[in-house]
Amino acid sequence: MPQLPILVAPSLLAADFARLGEEVAAIEAAGADWLHLDVMDGHFVPNISFGPVVLKSLRKLTQMPFDLHLMIAPVDPFLSAFAEAGADHIMFHPEAGPHPHRTLQAIRALNCKAGLVLNPGTPVAHVAPLLDLLDIILVMSVNPGFGGQRFIDSQLARIAELRGIIDASGREIRLEVDGGIDARTAPLCIAAGADTFVAGTAVFGASDYAAAIAAIRQGPA
Ligand code: DX5
Ligand code: ZN
C-alpha cells in the first residue's frame with residue numbers, strides 16, 4: 001500500500017484555554033490537518049481535561065476533523081455524547097474496557113472513524129483481532145495524561161512492527177503517534193512507518209505555528 005500523505009494534528013491540550021477559539025482558528029490557518037482532543041477523567045489517567053461541551057463549542061468554528069483521544073474509563077456510555085458534540089474520529093485505550101471489539105462497533109455505528117490507542121506498555125498484539133474495525137492505530141510515545149513529556153525511543157520499533165501488520169492486512173489504516181513529537185522525533189517515526197502526528201507543545205509552544213507544523217510534516221529545515 002502506498003505511503004499515505006503525512007498529517008499533523010495539533011493537540012488542544014497545549015493551547016491557551018482562555019483563547020480556545022482563536023487558537024483553533026490559528027492552527028487551521030497554519031495548515032493543521034486535524035484537531036486532536038485529549039479527554040481525561042482523573043481516573044484512567046492522573047489528570048482531568050475537558051468533555052463534550054468544549055467540542056460542541058469549537059465545532060462551529062472549524063472545518064478540521066476532530067480527532068478525539070479518550071483517556072476515560074468506562075468509554076461506552078460517553079460515545080454518543082462525543083459523536084453528537086462533533087467528534088469525527090473516536091480513539092480509546094483497550095485497557096479502558098471492558099470489550100474493545102464492541103466499542104469499535106459502537107463507534108462505527110455512530111458514523112465516526114474508530115481508533116485503538118496503545119500505551120508504551122500495551123502489547124501490539126491487541127490490534128490483531130480488531131483490524132477490520134480500525135481506521136486509526138494511535139501509538140503513545142509517552143505515558144498518557146500530560147503534555148510536554150519526552151519521546152520514548154523504544155516506541156520506534158513498535159511503530160515499525162505495526163507498519164508491517166497494517167501493510168500485511170492490506171487495509172487503509174492510519175498509523176498515528178502521540179507524545180513528544182517535534183521536528184526531531186517526527187522524521188524518526190516517519191522512517192519507522194508512521195503517517196500521522198499529534199503535537200501539543202511543539203506547535204502551541206512555538207512562536208510560528210505554520211513553521212512548527214511544516215517542520216513536523218517535512219523534518220527540520
Ligand atoms: C498525552 C496526550 C497528548 C499530549 C501530547 O496524554 O495524549 O496528546 O497532548 O503533548 P506533547 O505533544 O506536548 O507531548
Ligand atoms: Zn492524545
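As the structure lists them, so they are numbered: ligands from 1, and atoms in each ligand from 1. Along the sequence shown, the residues carry numbers beginning at 1. Source: prediction; values computed, not measured.
- Side-chain polar atoms of His93 and His126 form no donor-acceptor pair below 3.5 angstrom.
- Among the atoms of Gly148, some N or O lies under 3.5 angstrom from an N or O of ligand 1.
- Close contacts between ligand 1 and Pro144 involve ligand atoms 6 (O) [criterion: under 4.0 Å to a heavy atom].
- Near His69, meaning under 4.0 Å from any of its heavy atoms, are these atoms of ligand 1: 7 (O).
- For the pair Ala87 and Leu68, the tightest heavy-atom approach, listed with the atom from each and the gap, is CB-CD2, 3.9 Å.
- Closest to atom 2 (C) of ligand 1 among all protein heavy atoms lies Asp38 OD1, 3.4 Å.
- Less than 4.0 angstrom separates some heavy atom of His36 from each of these atoms of ligand 1: 8 (O).
- Electrostatic pairing of Lys113 and Asp67 does not count as a salt bridge here, judged by no charged N lying under 4.0 Å from a carboxylate O.
- Nearest heavy-atom pair, Tyr209 versus Ile27, reported as atom, atom and distance to 0.1 Å: CD1-CG2, 3.8 Å.
- One side chain, Arg158 or Gln155, offers a donor N or O that lies under 3.5 Å from an acceptor on the other.
- Counting heavy atoms under 4.0 Å from ligand 1, residue Ser11 touches it through the side chain alone.
- Polar contact with ligand 1: absent for Met71 (N/O pair, distance under 3.5 Å).
- A heavy-atom separation below 4.0 Å is not found between Val142 and ligand 1.
- In the model, Asp38 has no side-chain atom that pairs as donor or acceptor with a side-chain atom of Ser49 under 3.5 Å.
- Taking every heavy atom of Asp178 and a limit of under 4.0 angstrom, the matching atoms of ligand 1 come to 2 (C), 3 (C), 4 (C), 5 (C), 7 (O), 8 (O).
- Here the shortest heavy-atom distance to atom 10 (O) of ligand 1, taken over Gly147, Gly180, Gly179, Ala14, belongs to Gly147.
- Remark: Arg102 CZ is loosely packed, at most 12 non-hydrogen atoms of other residues, nucleotides or ligands lying under 6.0 Å away.
- If you number the atoms of ligand 1 from 1 as listed, the ones under 4.0 Å from a heavy atom of Met140 come out as 7 (O).
- Interface of Met40 with ligand 1, defined as ligand atoms under 4.0 Å from a residue heavy atom, comprises 6 (O).
- The protein non-hydrogen atom at the shortest distance from atom 6 (O) of ligand 1 is Gly145 N, 2.8 Å.
- Considering OG1 of Thr122 and CE of Met140, their distance stands at 10.0 Å, rounded to 0.5 Å.
- Looking at Asp135 and Arg171, no side-chain N of the basic residue comes within less than 4.0 Å of a carboxylate O on the acidic one, giving no salt bridge.
- In summary, Arg59 and Asp88 engage in a salt bridge, as defined by a charged side-chain N under 4.0 Å from a carboxylate O.
- Within ligand 1, the atoms closer than 4.0 Å to a non-hydrogen atom of Leu13 are 9 (O), numbered from 1 in the order shown.
- Polar contact with ligand 1: absent for Ala199 (N/O pair, distance under 3.5 Å).
- Atom 1 (C) of ligand 1 has its closest protein heavy atom at Phe146 O, 3.5 Å.
- Residue Thr201 has at least one heavy-atom neighbour below 4.0 Å for each of these atoms of ligand 1: 11 (P), 12 (O), 13 (O).
- Rounded to the nearest 0.5 Å, atoms CZ (Phe66) and CG (Leu12) are 8.5 Å apart.
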